[in-house]
Amino acid sequence: MIVDLAPRFLTWDDVDPARQAFDGASVARTVRALGPARRVPTRPDVRFGDPAMGAWVSGEAESWADAMSFALVEHYGRWSVGWRWAHDEGDFDGGPVGNWCCPRDSITTPEETLARVEAALREWREWLETLAGWFEAYPLDLSAVEDQRIL
C-alpha cells in the first residue's frame, strides 16, 4: 500500500475544508484535464473470476487509479485522496464514498469512469464539509475532554 494514497492516514489538518479551496463546478473540467484521464484503461471482456481480470486489476487498473489519485493531489491537495474511500469492500474499506468502489467494478468506459471519479470527489468533499459542520455545531472543550468521553 502506498501510504500517501490511503485516506486512513489523513489528519484533520489535511482535510479541513476551511483550509482547502475547492470549486465543485469545475470538477468535470479539471478531472478530464488531468493526465490519467487521457488513458483510462479498458476492462477486459472476461468473467470477474478469470485470472486475466485479476492481473488487469492488480496491474493496469490499480496503477491507473493510483495515477489519478496522484494527479488529484497535485491539483487539489492531499485531502482529495479520499475519493476512493469506498463503502464496504472497496479500494479503502469502510469509508463514506459510494460513487467509487474499486478499479474492477468502477472502471468501465472512459466516460463512465471519469464521471465516477468526479462524483466520488464531490461526494468526499461534501462529506468533509458535513463533518466540519458537525465539529462546529458540537465543539469539544479539549481542556475537559476526559469528562466528554461520551461525545
Side-chain angles (χ1 to χ4, degrees), residues 1-45 48 52-142 145 148 151:
M1 171 189 357
I2 301 172
V3 173
D4 289 342
L5 298 181
R8 71 178 176 198
F9 294 107
L10 291 169
T11 67
W12 185 246
D13 286 340
D14 294 329
V15 301
D16 182 355
R19 299 176 186 207
Q20 315 293 333
F22 180 69
D23 176 15
S26 68
V27 171
R29 184 178 61 245
T30 300
V31 166
R32 282 166 169 67
L34 298 173
R38 292 187 293 272
R39 49 185 166 74
V40 177
T42 302
R43 181 168 48 190
D45 188 18
F48 282 163
M53 178 62 80
W56 177 77
V57 167
S58 64
E60 185 179 8
E62 286 182 4
S63 292
W64 181 85
D66 289 347
M68 181 55 80
S69 289
F70 277 118
L72 289 168
V73 168
E74 282 184 347
H75 184 81
Y76 290 110
R78 182 153 160 63
W79 71 269
S80 63
V81 299
W83 74 275
R84 291 169 62 192
W85 199 359
H87 303 162
D88 307 320
E89 296 181 11
D91 283 347
F92 303 100
D93 303 339
V97 176
N99 283 293
W100 183 267
C101 172
C102 56
R104 186 195 79 179
D105 296 335
S106 298
I107 296 175
T108 56
T109 67
E111 186 57 36
E112 286 178 354
T113 302
L114 295 175
R116 284 186 176 119
V117 172
E118 296 162 23
L121 184 64
R122 282 190 189 99
E123 182 180 12
W124 171 241
R125 180 59 181 225
E126 289 170 12
W127 189 83
L128 293 175
E129 290 171 358
T130 298
L131 187 59
W134 291 338
F135 286 161
E136 190 174 313
Y138 305 103
L140 290 176
D141 177 4
L142 294 180
V145 74
Q148 301 174 28
L151 299 175

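Scope of the values below: all heavy atoms of this structure, side chains included, with no hydrogens, waters or symmetry mates. Note that the structure is a prediction, hence the values are computed from the model and not measured.
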- request: Run through D23, V31, T30 and flag the one making a side chain to side chain contact (heavy atoms under 4.5 Å, CB included) with V27.
  value: V31

field: Cation over ring face, R104 and W56, 6.0 Å, 45°
entry: no

query: Do the side chains of W83 and N99 get nearer than 4.5 Å, heavy atoms only?
result: no

query: So do the side chains of W79 and L72 get within less than 4.5 Å of each other, counting heavy atoms only?
result: no

Verdict with reasoning, W127 to V97, per side chain to side chain contact (heavy atoms under 4.5 Å, CB included): CA-CA 8 Å; W127 189 83; V97 176; over 6 Å; no

task: For residues V40 and W64, determine if any side-chain heavy atom of one lies less than 4.5 Å from a side-chain heavy atom of the other.
output: yes

Parallel, tilted or perpendicular: rings of W124 and W85 (30°, 60°): tilted

message: With heavy-atom distances below 4.5 Å as the criterion, would you say the side chains of M53 and P44 are in contact?
response: yes

- line: Heavy-atom nearest pair, T108 first then R43, reads CG2-NH2, 3.2 Å

message: Using every non-hydrogen atom in the two residues, find where R38 and A33 come nearest and quote the distance to one decimal.
response: NH1-O, 3.3 Å

- request: Provide the closest heavy-atom pair for A37 versus M68 in the form atom of the first, atom of the second, distance.
  value: N-CE, 3.9 Å

- prompt: Looking only at heavy atoms, what is the nearest atom pair of D4 and V81, with distance?
  reply: O-CG1, 3.6 Å

field: Salt-bridge criterion met for R84 and D66 (N-O under 4.0 Å)
entry: yes

- prompt: If you take all heavy atoms of C101 and A86, which pair is closest and at what distance?
  reply: O-CB, 3.6 Å

statement: In this structure, CG of L10 is separated from CG of D16 (nearest 0.5 Å) by 12.5 Å

- request: Find out whether Q20 and R125 are in side-chain contact, i.e. whether some heavy atom of one side chain is under 4.5 Å from a heavy atom of the other.
  value: yes

query: Going from CD on E123 to CG on L128, what distance comes out if it is rounded to the nearest 0.5 angstrom?
result: 11.0 Å

query: Minimum heavy-atom separation for D91 to P103, with atom names?
result: OD1-CD, 2.8 Å

field: Non-neighbouring partners of E111 that pass salt bridge (charged side-chain N to carboxylate O under 4.0 Å, His left out), sequence neighbours left out
entry: R32

- prompt: Is the F135 ring parallel, tilted or perpendicular to the W12 ring (thresholds 30°, 60°)?
  reply: perpendicular

